[in-house]
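Written below as C-alpha coordinates is the structure these notes are about.
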Amino acid sequence: MGDLSRRDFFKNAAGVGLGISFFEPILFKRRATAGVSASLPVIISSGGHGIKANEAAWQILGKGGNSLDAVEKGANVIESDPEDMSVGIGGLPNEEGEVELDASIMSGPDRNAGAVGGIKYIENPCSVARLVMERTDHVMIVGEGALRFALAHGFQKKNLLTDRARERWLRWKETMSDKDDWFPPKELKEAEKDLVQTYGTINVLAVDVNGNISGITTTSGLSFKIPGRLGDSPIIGAGLYVDNDVGAAGATGRGEEVIKTCGSFMVVENMRRGMSPQQACEDVVKRIINWHGGKADFQDNFVAINKKGETGAASIRKGFRYAVYNEKGNNLYEGVGLLD
Ligand code: ASP
(Lines give C-alpha, C1' and ligand atoms only; values in the text may rest on other atoms or scores of the structure.)
Protein backbone atom coordinates (compact mmCIF):
# COMPACT_ATOMS: atom_id res chain seq x y z
CA MET A 1 0.00 0.00 0.00
CA GLY A 2 1.46 3.37 -0.98
CA ASP A 3 1.81 6.35 1.31
CA LEU A 4 -1.47 7.93 0.34
CA SER A 5 -3.56 4.85 0.86
CA ARG A 6 -1.84 4.27 4.18
CA ARG A 7 -2.88 7.69 5.34
CA ASP A 8 -6.35 7.39 3.93
CA PHE A 9 -7.07 4.27 5.88
CA PHE A 10 -8.01 4.77 9.48
CA LYS A 11 -8.79 2.31 12.10
CA ASN A 12 -10.27 2.94 15.50
CA ALA A 13 -8.05 1.02 17.86
CA ALA A 14 -10.48 -0.69 20.15
CA GLY A 15 -8.36 -1.15 23.26
CA VAL A 16 -8.28 -4.17 25.46
CA GLY A 17 -9.39 -5.49 28.77
CA LEU A 18 -13.06 -6.36 28.73
CA GLY A 19 -13.23 -7.25 32.39
CA ILE A 20 -16.18 -9.12 33.82
CA SER A 21 -18.74 -6.51 34.72
CA PHE A 22 -20.58 -6.59 38.00
CA PHE A 23 -23.25 -4.52 39.55
CA GLU A 24 -22.87 -3.00 42.97
CA PRO A 25 -26.39 -2.08 44.10
CA ILE A 26 -25.55 1.03 46.06
CA LEU A 27 -26.31 4.66 46.13
CA PHE A 28 -28.64 5.28 43.25
CA LYS A 29 -30.47 8.51 43.81
CA ARG A 30 -33.73 8.21 41.89
CA ARG A 31 -34.38 11.61 40.40
CA ALA A 32 -37.68 13.12 41.38
CA THR A 33 -38.34 14.85 38.07
CA ALA A 34 -41.31 13.35 36.26
CA GLY A 35 -40.46 11.64 33.01
CA VAL A 36 -36.79 11.30 33.82
CA SER A 37 -35.80 7.70 34.07
CA ALA A 38 -32.05 8.09 34.55
CA SER A 39 -30.58 7.59 38.00
CA LEU A 40 -27.34 8.95 39.35
CA PRO A 41 -24.45 8.32 39.41
CA VAL A 42 -23.64 7.36 35.83
CA ILE A 43 -20.34 6.98 33.99
CA ILE A 44 -19.69 6.58 30.27
CA SER A 45 -16.32 5.70 28.73
CA SER A 46 -15.33 5.21 25.12
CA GLY A 47 -14.04 1.97 23.58
CA GLY A 48 -13.89 -1.61 24.77
CA HIS A 49 -11.47 -0.51 27.47
CA GLY A 50 -14.30 1.68 28.81
CA ILE A 51 -15.55 -1.31 30.84
CA LYS A 52 -12.31 -1.43 32.78
CA ALA A 53 -12.20 2.33 33.29
CA ASN A 54 -15.80 2.32 34.53
CA GLU A 55 -15.09 -0.46 37.03
CA ALA A 56 -12.27 1.58 38.56
CA ALA A 57 -14.23 4.84 38.54
CA TRP A 58 -17.21 3.12 40.12
CA GLN A 59 -15.17 2.37 43.22
CA ILE A 60 -15.43 6.12 43.88
CA LEU A 61 -18.71 7.04 42.21
CA GLY A 62 -20.67 4.12 43.63
CA LYS A 63 -19.72 5.15 47.16
CA GLY A 64 -21.00 8.68 46.65
CA GLY A 65 -17.59 10.11 45.68
CA ASN A 66 -17.17 13.04 43.35
CA SER A 67 -17.06 12.77 39.58
CA LEU A 68 -13.63 14.38 39.25
CA ASP A 69 -11.86 11.80 41.42
CA ALA A 70 -13.84 9.05 39.69
CA VAL A 71 -12.91 9.98 36.12
CA GLU A 72 -9.26 10.37 37.10
CA LYS A 73 -9.19 6.94 38.69
CA GLY A 74 -10.90 5.37 35.68
CA ALA A 75 -8.53 7.00 33.19
CA ASN A 76 -5.43 6.19 35.29
CA VAL A 77 -6.16 2.47 35.12
CA ILE A 78 -6.11 2.54 31.32
CA GLU A 79 -3.08 4.84 31.19
CA SER A 80 -1.15 2.44 33.43
CA ASP A 81 -2.05 -0.68 31.43
CA PRO A 82 1.02 -1.55 29.30
CA GLU A 83 -1.14 -3.81 27.10
CA ASP A 84 -3.28 -0.89 25.94
CA MET A 85 -1.58 0.57 22.89
CA SER A 86 -3.65 3.74 22.70
CA VAL A 87 -3.12 5.47 26.03
CA GLY A 88 -0.31 6.07 28.56
CA ILE A 89 2.43 3.43 28.96
CA GLY A 90 2.34 1.03 26.01
CA GLY A 91 0.86 3.69 23.71
CA LEU A 92 2.12 3.69 20.12
CA PRO A 93 4.92 6.22 19.56
CA ASN A 94 5.46 9.05 17.09
CA GLU A 95 7.33 8.55 13.80
CA GLU A 96 10.65 8.72 15.66
CA GLY A 97 9.68 6.02 18.14
CA GLU A 98 8.98 8.33 21.07
CA VAL A 99 5.74 8.13 23.05
CA GLU A 100 4.07 11.55 23.31
CA LEU A 101 0.87 11.77 25.34
CA ASP A 102 -2.01 14.27 25.34
CA ALA A 103 -4.70 14.65 28.02
CA SER A 104 -7.38 17.05 29.20
CA ILE A 105 -9.65 17.26 32.21
CA MET A 106 -12.63 19.41 33.13
CA SER A 107 -14.30 19.85 36.48
CA GLY A 108 -17.91 20.94 36.04
CA PRO A 109 -18.55 22.34 39.52
CA ASP A 110 -15.29 24.30 39.48
CA ARG A 111 -15.87 25.55 35.92
CA ASN A 112 -12.24 24.73 35.35
CA ALA A 113 -10.03 22.87 32.90
CA GLY A 114 -6.46 21.62 32.52
CA ALA A 115 -4.48 19.93 29.76
CA VAL A 116 -1.07 18.67 28.74
CA GLY A 117 0.12 18.06 25.20
CA GLY A 118 3.01 16.09 23.78
CA ILE A 119 4.25 15.10 27.24
CA LYS A 120 6.93 12.38 27.31
CA TYR A 121 7.96 9.86 30.01
CA ILE A 122 4.94 10.40 32.29
CA GLU A 123 2.57 7.46 32.58
CA ASN A 124 -0.50 9.35 33.85
CA PRO A 125 -0.86 12.54 31.83
CA CYS A 126 -4.45 13.13 32.94
CA SER A 127 -3.22 13.52 36.52
CA VAL A 128 -0.71 16.11 35.33
CA ALA A 129 -3.58 17.85 33.51
CA ARG A 130 -5.48 17.89 36.79
CA LEU A 131 -2.54 19.61 38.49
CA VAL A 132 -2.35 22.16 35.67
CA MET A 133 -6.02 22.87 36.41
CA GLU A 134 -5.72 22.96 40.19
CA ARG A 135 -2.22 24.24 40.85
CA THR A 136 -1.56 26.79 38.10
CA ASP A 137 -3.24 29.77 36.58
CA HIS A 138 -3.01 28.12 33.14
CA VAL A 139 -5.11 25.69 31.17
CA MET A 140 -2.56 23.94 28.94
CA ILE A 141 1.15 23.14 29.22
CA VAL A 142 2.94 21.24 26.45
CA GLY A 143 6.17 19.39 25.65
CA GLU A 144 9.26 19.94 27.76
CA GLY A 145 7.44 22.40 30.01
CA ALA A 146 4.77 19.82 30.79
CA LEU A 147 7.42 17.25 31.66
CA ARG A 148 9.24 19.69 33.96
CA PHE A 149 5.96 20.63 35.59
CA ALA A 150 5.16 16.95 36.20
CA LEU A 151 8.62 16.27 37.65
CA ALA A 152 8.27 19.30 39.95
CA HIS A 153 5.12 17.65 41.30
CA GLY A 154 6.93 14.38 41.97
CA PHE A 155 5.87 12.33 38.94
CA GLN A 156 8.46 9.71 37.99
CA LYS A 157 10.11 9.61 34.57
CA LYS A 158 9.50 6.25 32.92
CA ASN A 159 10.22 4.58 29.61
CA LEU A 160 6.71 4.42 28.13
CA LEU A 161 7.73 2.51 25.01
CA THR A 162 6.97 -1.17 25.57
CA ASP A 163 8.66 -3.80 23.38
CA ARG A 164 5.32 -4.54 21.75
CA ALA A 165 4.81 -0.89 20.77
CA ARG A 166 8.45 -0.52 19.68
CA GLU A 167 8.20 -3.57 17.42
CA ARG A 168 4.95 -2.29 15.89
CA TRP A 169 6.63 1.06 15.22
CA LEU A 170 9.76 -0.59 13.80
CA ARG A 171 7.72 -2.71 11.42
CA TRP A 172 5.77 0.36 10.30
CA LYS A 173 9.04 2.15 9.59
CA GLU A 174 10.57 -0.83 7.82
CA THR A 175 7.56 -1.43 5.59
CA MET A 176 6.83 2.23 4.90
CA SER A 177 8.74 2.53 1.65
CA ASP A 178 11.01 0.58 -0.65
CA LYS A 179 12.95 3.76 -1.37
CA ASP A 180 14.81 3.91 1.94
CA ASP A 181 17.41 1.82 3.74
CA TRP A 182 15.16 0.06 6.25
CA PHE A 183 14.34 -3.60 5.52
CA PRO A 184 11.73 -5.68 7.32
CA PRO A 185 12.72 -9.18 8.48
CA LYS A 186 12.57 -11.86 5.79
CA GLU A 187 9.90 -13.71 7.74
CA LEU A 188 7.34 -10.94 7.82
CA LYS A 189 4.02 -11.91 9.34
CA GLU A 190 0.95 -11.19 7.21
CA ALA A 191 -0.38 -8.74 9.80
CA GLU A 192 2.87 -6.77 9.67
CA LYS A 193 2.93 -6.24 5.93
CA ASP A 194 0.83 -3.16 5.81
CA LEU A 195 0.79 -1.35 9.12
CA VAL A 196 -1.36 1.75 9.05
CA GLN A 197 -1.55 4.68 11.40
CA THR A 198 -4.12 4.04 14.09
CA TYR A 199 -6.10 6.07 16.55
CA GLY A 200 -6.96 5.17 20.10
CA THR A 201 -7.95 7.19 23.13
CA ILE A 202 -10.27 7.04 26.09
CA ASN A 203 -12.96 9.49 27.16
CA VAL A 204 -14.28 9.06 30.70
CA LEU A 205 -17.32 11.20 31.61
CA ALA A 206 -19.30 11.01 34.85
CA VAL A 207 -22.18 12.57 36.72
CA ASP A 208 -21.96 11.93 40.45
CA VAL A 209 -24.76 11.47 42.93
CA ASN A 210 -24.87 15.22 43.51
CA GLY A 211 -25.31 15.93 39.80
CA ASN A 212 -21.78 17.27 39.34
CA ILE A 213 -20.15 16.48 36.02
CA SER A 214 -16.49 15.86 35.16
CA GLY A 215 -14.60 14.45 32.22
CA ILE A 216 -11.21 13.31 30.97
CA THR A 217 -9.77 12.52 27.57
CA THR A 218 -6.34 10.87 27.50
CA THR A 219 -4.36 9.39 24.61
CA SER A 220 -1.09 8.58 22.91
CA GLY A 221 -2.72 10.16 19.87
CA LEU A 222 -2.28 9.20 16.25
CA SER A 223 0.35 6.49 15.99
CA PHE A 224 3.57 7.35 14.15
CA LYS A 225 2.58 11.03 14.07
CA ILE A 226 4.96 13.85 13.29
CA PRO A 227 6.69 14.73 16.59
CA GLY A 228 4.90 17.60 18.29
CA ARG A 229 1.57 16.91 16.58
CA LEU A 230 -1.35 17.58 18.92
CA GLY A 231 -4.72 16.03 18.26
CA ASP A 232 -8.07 17.00 19.69
CA SER A 233 -7.63 15.23 23.03
CA PRO A 234 -5.84 18.02 24.92
CA ILE A 235 -7.92 20.79 23.36
CA ILE A 236 -10.83 21.95 25.48
CA GLY A 237 -13.95 22.01 23.31
CA ALA A 238 -12.50 19.53 20.80
CA GLY A 239 -11.66 16.21 22.50
CA LEU A 240 -13.51 17.11 25.72
CA TYR A 241 -16.08 19.54 27.00
CA VAL A 242 -18.00 19.76 30.27
CA ASP A 243 -20.63 22.25 31.36
CA ASN A 244 -22.00 21.53 34.80
CA ASP A 245 -25.42 22.96 33.86
CA VAL A 246 -25.79 20.76 30.80
CA GLY A 247 -23.55 17.70 30.44
CA ALA A 248 -20.28 16.47 28.97
CA ALA A 249 -18.96 15.11 25.70
CA GLY A 250 -15.75 13.48 24.50
CA ALA A 251 -14.33 12.54 21.13
CA THR A 252 -12.06 9.85 19.76
CA GLY A 253 -10.83 9.12 16.26
CA ARG A 254 -9.33 11.48 13.73
CA GLY A 255 -8.63 14.50 15.91
CA GLU A 256 -7.99 16.96 13.12
CA GLU A 257 -11.67 16.88 12.10
CA VAL A 258 -12.83 17.17 15.70
CA ILE A 259 -10.65 20.25 16.20
CA LYS A 260 -12.04 21.89 13.05
CA THR A 261 -15.63 21.37 14.18
CA CYS A 262 -15.09 22.08 17.93
CA GLY A 263 -16.78 18.69 18.21
CA SER A 264 -17.27 18.11 21.93
CA PHE A 265 -18.28 21.71 22.53
CA MET A 266 -20.88 21.39 19.79
CA VAL A 267 -22.29 18.22 21.32
CA VAL A 268 -22.74 19.98 24.68
CA GLU A 269 -24.23 23.07 23.01
CA ASN A 270 -26.68 20.81 21.19
CA MET A 271 -27.76 19.35 24.52
CA ARG A 272 -28.10 22.86 25.95
CA ARG A 273 -30.52 23.61 23.11
CA GLY A 274 -32.64 20.60 24.05
CA MET A 275 -31.23 17.64 22.14
CA SER A 276 -30.77 14.30 23.88
CA PRO A 277 -27.15 13.12 24.20
CA GLN A 278 -27.81 10.70 21.33
CA GLN A 279 -29.23 13.37 19.02
CA ALA A 280 -26.44 15.77 20.00
CA CYS A 281 -23.71 13.27 19.06
CA GLU A 282 -25.36 12.30 15.78
CA ASP A 283 -25.76 15.95 14.79
CA VAL A 284 -22.03 16.63 15.11
CA VAL A 285 -21.09 13.41 13.32
CA LYS A 286 -23.41 14.49 10.46
CA ARG A 287 -21.68 17.85 10.32
CA ILE A 288 -18.28 16.19 9.96
CA ILE A 289 -19.61 13.88 7.26
CA ASN A 290 -21.19 16.83 5.42
CA TRP A 291 -17.93 18.74 5.53
CA HIS A 292 -16.49 15.82 3.58
CA GLY A 293 -19.19 15.76 0.94
CA GLY A 294 -21.05 12.90 2.58
CA LYS A 295 -18.06 10.57 2.25
CA ALA A 296 -15.78 10.58 5.24
CA ASP A 297 -13.15 7.87 4.81
CA PHE A 298 -11.99 8.07 8.41
CA GLN A 299 -13.50 7.45 11.82
CA ASP A 300 -14.67 9.89 14.50
CA ASN A 301 -16.68 8.93 17.58
CA PHE A 302 -18.50 10.93 20.24
CA VAL A 303 -19.85 9.95 23.64
CA ALA A 304 -22.06 12.24 25.72
CA ILE A 305 -23.89 12.40 29.01
CA ASN A 306 -26.36 14.97 30.27
CA LYS A 307 -26.99 16.22 33.78
CA LYS A 308 -29.76 13.67 34.29
CA GLY A 309 -27.31 10.86 33.53
CA GLU A 310 -28.76 10.03 30.09
CA THR A 311 -26.10 8.93 27.63
CA GLY A 312 -25.54 8.74 23.89
CA ALA A 313 -22.87 7.80 21.36
CA ALA A 314 -22.41 8.10 17.62
CA SER A 315 -19.66 7.66 15.09
CA ILE A 316 -19.06 8.04 11.39
CA ARG A 317 -18.80 4.31 10.84
CA LYS A 318 -20.26 1.37 12.67
CA GLY A 319 -18.19 -0.59 15.14
CA PHE A 320 -17.60 2.04 17.81
CA ARG A 321 -18.08 0.63 21.29
CA TYR A 322 -18.58 2.39 24.58
CA ALA A 323 -19.36 1.39 28.15
CA VAL A 324 -21.97 2.80 30.52
CA TYR A 325 -22.13 2.06 34.23
CA ASN A 326 -25.50 2.98 35.71
CA GLU A 327 -28.27 1.31 37.66
CA LYS A 328 -28.25 -1.51 35.06
CA GLY A 329 -24.62 -2.35 35.82
CA ASN A 330 -21.53 -1.90 33.64
CA ASN A 331 -22.41 -2.68 30.04
CA LEU A 332 -20.75 -2.41 26.66
CA TYR A 333 -22.80 -0.98 23.79
CA GLU A 334 -22.27 -0.23 20.12
CA GLY A 335 -22.78 3.38 19.13
CA VAL A 336 -24.87 4.45 16.14
CA GLY A 337 -22.72 4.56 12.98
CA LEU A 338 -24.05 7.00 10.41
CA LEU A 339 -22.23 5.59 7.37
CA ASP A 340 -21.85 1.94 6.42
N1 ASP B 1 -8.38 11.74 18.72
C2 ASP B 1 -7.04 11.32 18.99
C3 ASP B 1 -6.09 12.14 18.20
O4 ASP B 1 -6.41 12.55 17.11
C5 ASP B 1 -6.79 9.90 18.66
C6 ASP B 1 -7.88 8.95 18.99
O7 ASP B 1 -8.88 9.31 19.52
O8 ASP B 1 -7.77 7.78 18.73
O9 ASP B 1 -5.00 12.32 18.66
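All ligand and atom numbering here is 1-based and tracks the order in the structure.
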Requested in this report: Please state which part of Ala251 comes within less than 4.0 Å of ligand 1, counting heavy atoms only: side chain, backbone, both or neither.
Outcome: neither
Query - Side-chain donor-acceptor pair present, Asn124, Ser80, cut-off under 3.5 Å - result: yes
Query - Selection residues 212-239 - residue pairs positive for salt bridge (Lys or Arg N to Asp or Glu O under 4.0 Å), sequence neighbours left out - result: Arg229-Glu256
Report task. Please work out whether any backbone atom (N, CA, C, O) or any side-chain heavy atom from C-beta onward of Thr252 is under 4.0 Å from ligand 1, and answer side chain, backbone, both or neither. Result -> both
Report task. Could you name the option among Thr201, Thr217, Asp300, Val258 that has the heavy atom nearest to atom 5 (C) of ligand 1? Result -> Thr201
Query raised in the report: Against heavy atoms of Asp232, which atoms of ligand 1 measure under 4.0 Å?
Result: 1 (N), 2 (C), 3 (C), 4 (O)
Query raised in the report: Does the side chain of Ser276 pick up a donor-acceptor pair with the side chain of Glu310 at under 3.5 Å?
Result: no
Report task. Can you sort out which atoms of ligand 1 are near Leu222, meaning under 4.0 Å from one of its heavy atoms? Result -> 9 (O)
Report task. Using a 4.0 Å heavy-atom threshold (strictly under), name the region of Arg229 that reaches ligand 1: side chain, backbone, both or neither. Result -> side chain
Query raised in the report: Are side-chain N/O atoms of Thr219 and Asp102 paired as donor and acceptor at under 3.5 Å?
Result: no
Query raised in the report: Should you measure from each heavy atom of Gly255, which atoms of ligand 1 turn up under 4.0 Å away?
Result: 1 (N), 4 (O)
Query raised in the report: Are any of the N or O atoms of Gly221 closer than 3.5 Å to those of ligand 1?
Result: no
Query raised in the report: Any side-chain heavy atom of Glu257 sitting closer than 4.5 Å to one from Thr261?
Result: no
Requested in this report: Using the ring pair (Phe, Tyr, Trp, His ring centres under 6.0 Å) rule, collect all pairs that involve residues 268-297, keeping only residues at least two apart or in two chains.
Outcome: His292-Phe298
Query raised in the report: Does a donor on one side chain sit under 3.5 Å from an acceptor on the other, for Glu55 and Asn330?
Result: yes
Requested in this report: Mark the output for Gly239 as yes if a heavy-atom distance to ligand 1 is under 4.0 Å, and as no if none is.
Outcome: no
